[in-house]
Amino acid sequence: MMRHNLQAALQQALQTTRLGRRVIWHRRTDSTNTQALDAARRGGAHGLLVVADSQTEGRGRFARRWEAAPGQNLLFSLILKPDIAVAHLGLVSLATALAVAEAVRVQTGALPHVKWPNDVLIESRKVCGILIETTLTTTARPTLVVGVGLNVNQTAFPPSVHEATSLVLETGQHVDRAALLAQILHRLEEHLNGIGTPSGQASLRAAYHASLAHLGEPIAVYRGPYHAPVTGICEGVGPSGELLLRTPTGTQALHAGEVSLRPG
Ligand code: ATP
């Protein structure tokens, strides 16, 4: 029932965006990223959107699970073929987190922050996770799958999920998922439009910095269980979307995919 509501509402809401012009629906699937990666390997076009009302194998980075109650959240993946040099692909993660944060602000009045590289927080609790994966390609233009799990109308989380929140918990208001998704796609489209040019990249970084959690504050960066954390002051992100960490021995550039960040 909920699926049909969301599906019908989205068809209406997505008419004006290029992203999401084509949508694949699942009431239940393994993972929207898995489905979008399959679609990309079969030649799926830029902007193809896979949406699910529930996932049995939703995942985050490092094969961690993404837990979401059915029918209450936004779970979607987009195929993107951004017009951008491979060295700058990290900016897509930033653009996505920023688009989610901006759309949440506009639609709900909540005040989210982005947490480098791929999360959106409200008051230091995670409301959204983003997972970007890529298909191996021999073409110059890489194909990315950008997956988003956004906690919308869910009111409780399992004990395995720490420090999570949802939009309804933060605002006390039930949120229209279709309108929110359309707003996210609009914002993302805008950020992607300029992502191949120096001026577009500079404005993306400026907007990202304006919403960035921990900017100018001490943080600890973890490179996995066998390495001691690196601590320093968060100086924001560099031209390729890398995290800049000021340490006593100089500023280090850290690339996503390798690290997790915590307040220091
Ligand atoms: P961090 O950067 O904080 O180390 P991450 O960005 O690597 O985390 P993700 O890959 O985005 O984390 O997401 C997986 C993690 O998110 C899981 O380990 C789990 O703790 C947490 N999680 C799972 N489901 C949810 C949810 N619905 N809301 C918030 N957090 C969740």
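As the structure lists them, so they are numbered: ligands from 1, and atoms in each ligand from 1. Sequential numbering from 1 along the given sequence is applied to the chain's residues.
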Fill in the blank from the handout: Here the atoms of ligand 1 under 4.0 Å from any heavy atom belonging to Ala164 are 28 (N), 29 (C)
Practice task
Would you mind finding which of Arg59, Lys115, Lys126 brings a heavy atom closest to atom 16 (O) of ligand 1?
Solution key: Lys126
Practice task
Identify, for atom 4 (O) of ligand 1, the protein heavy atom at the shortest distance, and state residue, atom and that distance.
Solution key: Ser260 OG, 2.9 Å
Practice task
For atom 14 (C) of ligand 1, grab the closest protein heavy atom and report residue, atom and distance to one decimal in Å.
Solution key: Arg64 CB, 3.8 Å
Handout entry: His162, Arg65, Arg61: member with heavy atom nearest to atom 17 (C) of ligand 1
Key = Arg65
Exercise for the section: Decide whether Gln154 and Ser166 meet the rule of one side-chain donor and one side-chain acceptor closer than 3.5 Å. Expected result: no
Fill in the blank from the handout: Atoms of ligand 1 under 4.0 Å from any heavy atom of Asn151, numbered from 1 in the order shown, are 26 (C), 27 (N), 28 (N), 29 (C)
Handout entry: Arg18 atom CZ: more than 12 heavy-atom contacts under 6.0 Å
Key = no
Practice task
May I ask you to identify, for Leu131, whether its side chain, its backbone, both or neither come under 4.0 Å of ligand 1 on a heavy-atom basis?
Solution key: neither
Exercise for the section: Using distance alone, with no hydrogens and no angle criterion, decide if Glu123 and Thr165 have a side-chain donor and acceptor under 3.5 Å apart. Expected result: no
Handout entry: Those atoms of ligand 1 less than 4.0 Å from some heavy atom in Asn118
Key = 6 (O), 11 (O)
Problem - Polar contact flag, side-chain donor to acceptor under 3.5 angstrom, Gln201-Arg205 - result: no
Exercise for the section: Answer side chain, backbone, both or neither: which part of Arg125 comes under 4.0 Å from ligand 1, heavy atoms only. Expected result: neither
Handout entry: Within-cut-off N or O pair, Ser160 and ligand 1, under 3.5 Å
Key = no
Practice task
Please name the pair of heavy atoms, one in Leu14 and one in Arg21, separated by the smallest distance, quoted to 0.1 Å.
Solution key: O-NE, 4.5 Å
Practice task
Would you check if there is a donor-acceptor pair between the side chains of Arg105 and Ser211 at a distance under 3.5 Å?
Solution key: yes
Exercise for the section: Can you spot which of Thr17, Leu185, Thr32 makes a side chain to side chain contact (heavy atoms under 4.5 Å, CB included) with Leu49? Expected result: Leu185
Practice task
Check each of Val92, Asn118, Leu80 against Ile132 using the side chain to side chain contact (heavy atoms under 4.5 Å, CB included) test, and report the only one that passes.
Solution key: Val92
Problem - Distance from atom 27 (N) of ligand 1 to nearest protein heavy atom, with residue and atom - result: Glu67 O, 2.6 Å
Exercise for the section: With heavy atoms only and a cut-off of under 4.0 Å, state how Val127 meets ligand 1: side chain, backbone, both or neither. Expected result: neither
